[in-house]
Peer 1: 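I have a structure here, written as structure tokens, and I will follow up with some questions on it.
Numbers restart at 1 for each chain; the letters A, B, ... are given by sequence-line order, proteins then strands.
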Amino acid sequence: MAKVDVQLTEKVASLARLALSKEEKSSFTEQLGQILGYIEKISEVNVDGVEPMINPHDQILSLREDVAAEPFLNEEGNPKILDSAPDQLYDGFKVPQIL
Amino acid sequence: MNSFSKFSEIREGYRSKKFSPVEVTQFYLDQIKKSKHNAYLDICEDRVLDQAKKVEKIIFSDKDAFEKYPLLGMPMGIKDLLNIDGVKTTCASKMLENYVAPYTATCVERLEKAGALSLGKLNLDEFAMGSSNENSAFGPVEHPTHPERVPGGSSGGSATAVGADLCLTSLGTDTGGSIRLPASFCGVVGYKPTYGRVSRFGVVAFASSLDQVGPFAKTVEDAALVAEVMSGKDIYDSTSSSESVGAWSSEISKPMDWKSLKVGVPKEYFVEGVEDSVRKSVEESLRWFESKGATLVDISLPHTEYAVSTYYVVAVSEASSNLARFDGVRFGTRPDGANESATLDEFYEKVRSQFGAEVKRRIILGTYALSSGYYDAYYSKACKVRRLIRNDFDEAFKKVDVIAGPVAPTVAFKRGAMLENPLQMYLMDIFTIPASLSGLPALSVPCGTQEDGLSIGLHLIGSPFADEKVLKVAHHFQKERYHG
């Protein structure tokens with residue numbers, strides 16, 4: 001485990017594109033230290049030869065036919081999925097110029 | 001109109017014309033409006049009254065209505081993590097405060113097709129992250145009978161709504177115990193089906209290899225009925241199982257062969273830290289099973305002590321990945337000033353500042369566990385320990401039919417008691433997490449109360465897809481022990 005200090009919290013938060021306040025940086029650093037200290041327990045388990053379990057049933061995921069389904073349209077005939085976007089223009093998501 | 005304890009009472013009332021679906025709906029709407037529990041985030045008044053009128057027409061015009069529609073006129077509440085077309089899905093987050101769902105979740109659609117009435121959307125911990133329902137951006141939910149206590153989480157609204165008669169049954173989701181813990185705290189039945197039984201299409205993702213939708217009810221029979229209707233393969237969720245779904249609600253009423261039942265009692269679930277009242281109540285329940293003729297079998301689940309650590313790597317890793325989609329482009333709201341950002345990173349940071357503290361904490365933890373240099377030590381290692389936890393269960397189920405123990409180490413705790421200590425809160429899920437990591441069917445059924453009236457739940461866990469068996473044992477426990 002790496003040393004949990006404010007620099008680590010800042011680095012990981014920036015990877016996740018989260019801006020933290022000064023108070024958050026300090027309380028998160030303390031809490032992350034406690035949580036990671038607890039999680040460290042798993043390092044003592046011998047897992048030699050153990051297959052990782054990623055899905056509870058190890059089932060082969062079924063894929064449906066690659067056929068386009070009916071889109072969800074609103075009363076005006078436009079894709080509904082745009083209605084709840086923060087901003088839209090014509091039939092697309094509108095983003096500020098910096099994007 | 002008085003409150004109801006099971007669906008058969010409502011159905012009988014409809015049949016005998018004692019009351020109508022619109023009257024029952026109005027009764028629950030009035031209850032919700034009078035309530036101070038903050039259980040509902042949105043009441044779908046017009047929509048549900050329309051549904052109730054349609055149900056009335058069906059009852060009036062079709063003599064086989066109740067056979068064709070197994071949930072005809074059942075008043076339900078839906079956790080606000082599940083989509084209903086045209087209704088807001090906020091996930092109790094500022095991020096999705098104004099998000100209106102463009103389609104209905106498969107599970108909700110199946111319930112409504114079977115005649116269920118959706119009264120509204122229920123409060124939860126933000127994005128289902130929490131064990132006390134104090135992490136909602138729209139205020140905490142009150143325990144149904146003890147206002148100073150938490151209802152448990154993350155499906156706190158779903159548990160309180162059933163416990164306080166704000167609906168008859170409800171839907172919640174369980175990732176590490178989010179159905180069973182609040183059910184135990186609120187004195188209602190909460191059932192998490194086998195992973196894959198219920199489609200996750202239209203359910204906002206927290207940790208996709210763990211999330212499962214399940215019902216809350218006052219009786220196991222009603223929980224079984226709701227689960228039976230919504231379970232089964234859905235082409236829109238590739239992890240949904242094609243395992244056949246039985247007529248659970250009627251099958252479980254058949255007589256119980258107690259003498260052939262073997263109940264596993266894991267020593268790891270009766271350890272220091274379990275409150276005396278909880279231990280006493282659960283042990284009395286085990287003795288009751290014995291008195292009926294069942295055999296108690298001591299078992300061991302040796303990797304239980306690693307379950308919380310494993311879960312908090314797997315769940316937060318999946319969460320940090322799932323929640324990356326909240327980038328301010330496709331969903332939700334952009335806060336003031338976001339559009340004036342100078343850089344792309346600044347834009348993302350402004351948008352993502354709308355997450356609450358617990359969500360940020362888990363995203364950071366998950367990002368750390370998945371980051372370069374730590375992946376093998378955390379995520380990869382946790383997936384292997386997860387396998388060992390499941391192997392423990394597989395071994396145990398060679399000897400027993402169901403496993404019984406406490407749901408949580410304590411009864412409902414006081415509001416604010418653990419807010420500053422997330423790790424202590426995470427440990428509330430110590431007994432529910434192993435079944436979640438292993439994808440097993442598990443439920444909480446009330447098994448007693450403390451002197452102060454706070455409820456205690458009995459935890460029953462089954463082998464994969466043995467949903468009917470778990471429900472049957474719980475049904476007979478509830479019926480024969482409490483209702484003669």
Side-chain angles (χ1 to χ4, degrees), chain A residues 1-2 4 8-9 11-21 24 27-28 31-32 34-48 50-57 59 61-65 69 72-74 79-87 93-99, chain B residues 98-100 102-103 195-196 209 235 238-239 241-242 303 305-306 308-310 312-313 320 328-334 339 341-345 347-350 352-353 355 357 360-361 363-365 367-368 371 374 377-378 380-388 390 422-423 426 438-439 464:
Chain A
M1 189 177 100
V4 182
L8 182 76
T9 307
K11 185 185 156 214
V12 181
S14 88
L15 288 175
R17 303 295 182 266
L18 290 172
L20 304 181
S21 67
E24 280 178 323
S27 65
F28 282 10
Q31 291 161 348
L32 289 174
Q34 287 168 357
I35 297 165
L36 287 171
Y38 180 83
I39 285 176
E40 200 60 21
K41 258 170 110 79
I42 58 169
S43 66
E44 64 190 58
V45 187
N46 181 354
V47 293
D48 290 347
V50 177
E51 275 293 302
M53 179 173 161
I54 296 161
N55 179 289
H57 304 312
Q59 61 196 355
L61 298 183
S62 60
L63 298 176
R64 64 190 147 96
E65 287 295 307
F72 301 118
L73 300 177
N74 64 18
K80 264 188 184 175
I81 206 149
L82 289 172
D83 291 349
S84 269
D87 209 355
F93 297 108
K94 188 179 168 197
V95 294
Q97 222 166 13
I98 44 137
L99 297 180
Chain B
N98 302 312
Y99 176 71
V100 177
Y103 64 95
Y195 178 83
S209 81
I235 58 162
S238 60
T239 62
S241 169
S242 34
H303 292 91
E305 63 171 308
Y306 304 108
V308 175
S309 304
T310 304
Y312 274 94
V313 175
S320 76
V329 174
R330 293 154 297 164
F331 316 98
T333 44
R334 280 179 207 156
N339 280 344
S341 302
T343 65
L344 183 56
D345 284 347
F347 174 80
Y348 287 150
E349 284 176 357
K350 280 185 180 154
R352 290 163 71 81
S353 68
F355 285 133
K360 285 183 191 167
R361 204 153 33 228
I363 291 175
I364 290 174
L365 204 52
T367 305
Y368 175 74
S371 62
Y374 297 107
Y378 289 103
S380 177
K381 177 97 187 202
C383 288
K384 290 177 183 171
V385 182
R386 184 178 184 183
R387 168 82 58 197
L388 296 175
R390 168 64 183 268
L423 181 58
Y426 295 173
S438 306

Peer 1: Could you tell me whether A:Leu82 atom CG has more than 12 heavy atoms of other residues or ligands within 6.0 Å of it?
Peer 2: yes

Peer 1: Pick one of side chain, backbone, both or neither for A:Asn46, based on which atoms fall under 4.5 Å of a heavy atom in chain B.
Peer 2: backbone

Peer 1: Tell me, side chain or backbone of A:Arg64 under 4.5 Å from chain B's heavy atoms, or both, or neither?
Peer 2: side chain

Peer 1: What part of A:Tyr38 gets closer than 4.5 Å to chain B, counting heavy atoms only: side chain, backbone, both or neither?
Peer 2: both

Peer 1: For B:Arg334 and A:Val95, what are the C-alpha separation, side-chain angles and deciding distance, and is it a side chain to side chain contact (heavy atoms under 4.5 Å, CB included)?
Peer 2: CA-CA 10 Å; B:Arg334 280 179 207 156; A:Val95 294; 4.1 Å; yes

Peer 1: Say you draw a straight line from CZ of B:Arg390 to CE of A:Met53; how long is it, rounded to the nearest 0.5 Å?
Peer 2: 5.0 Å

Peer 1: Verify, without hydrogens or angle tests, whether B:Arg330 (side chain) and A:Phe93 (backbone) share a donor-acceptor contact under 3.5 angstrom.
Peer 2: no

Peer 1: Please examine the side chains of A:Leu36 and B:Leu365, heavy atoms only from C-beta on, and report whether any two atoms are closer than 4.5 Å.
Peer 2: yes

Peer 1: Check whether any side-chain N or O of B:Ser238 sits under 3.5 Å from a backbone N or O of A:Leu63 as a donor-acceptor pair, and report yes or no.
Peer 2: no

Peer 1: With rounding to the nearest 0.5 Å, note down the distance linking CG in A:Leu15 to OH in B:Tyr368.
Peer 2: 12.0 Å

Peer 1: Does a side-chain heavy-atom distance below 4.5 Å link A:His57 with B:Ser241?
Peer 2: no

Peer 1: About how many Å separate CZ of A:Arg17 and OG1 of B:Thr367, when rounded to the nearest 0.5 Å?
Peer 2: 10.0 Å

Peer 1: Measure the spacing between CD of A:Glu65 and CD1 of B:Ile235 and express it to the nearest 0.5 Å.
Peer 2: 10.5 Å

Peer 1: List in chain and number order the residues that pass ring-ring contact (aromatic ring centres under 6.0 Å, His included) with B:Tyr312, two or more places apart in sequence or in another chain; answer none if no residue qualifies.
Peer 2: B:Tyr426

Peer 1: Just wondering, are more than 12 heavy atoms of other shown residues or ligands nearer than 6.0 Å to NZ in A:Lys80?
Peer 2: yes

Peer 1: Treating B:Lys381 as the side-chain partner and A:Val47 as the backbone partner, does any N or O pair qualify as donor plus acceptor under 3.5 Å?
Peer 2: no

Peer 1: Among B:Ser353, B:Pro422, B:Pro102, who wins on heavy-atom pairs under 4.5 Å with chain A?
Peer 2: B:Pro102

Peer 1: Measuring from B:Tyr306:OH to A:Ile39:CD1, what's the distance to the nearest 0.5 Å?
Peer 2: 14.5 Å

Peer 1: How long is the straight-line distance from NZ of B:Lys384 back to CD of A:Glu51, given to the nearest 0.5 Å?
Peer 2: 8.5 Å

Peer 1: Taking A:Lys94, A:Gln34, A:Gln31, A:Glu44 one by one, which has the highest count of heavy-atom pairs under 4.5 Å against chain B?
Peer 2: A:Gln31

Peer 1: Looking at B:Ser320, B:Gly328, B:Gly332, which makes the most heavy-atom pairs under 4.5 Å with chain A?
Peer 2: B:Gly332

Peer 1: Between the main-chain N or O of A:Ala16 and the side-chain N or O of B:Arg352, is there a donor-acceptor pair closer than 3.5 Å?
Peer 2: yes

Peer 1: Looking at B:Ser209, B:Ala382, B:Ser380, B:Ser309, which one has more heavy-atom pairs under 4.5 Å with chain A than the rest?
Peer 2: B:Ser309

Peer 1: Mind checking what makes side chain to side chain contact (heavy atoms under 4.5 Å, CB included) contact with B:Tyr103, not counting sequence neighbours?
Peer 2: A:Phe72, B:Asn83, B:Phe201

Peer 1: Counting heavy-atom pairs under 4.5 Å with chain B, which one of A:Ser43, A:Pro79, A:Ser21, A:Ala69 comes out on top?
Peer 2: A:Ser43

Peer 1: For the residue pair B:Ile364 and A:Leu20, establish whether any side-chain heavy-atom pair is separated by less than 4.5 Å.
Peer 2: yes

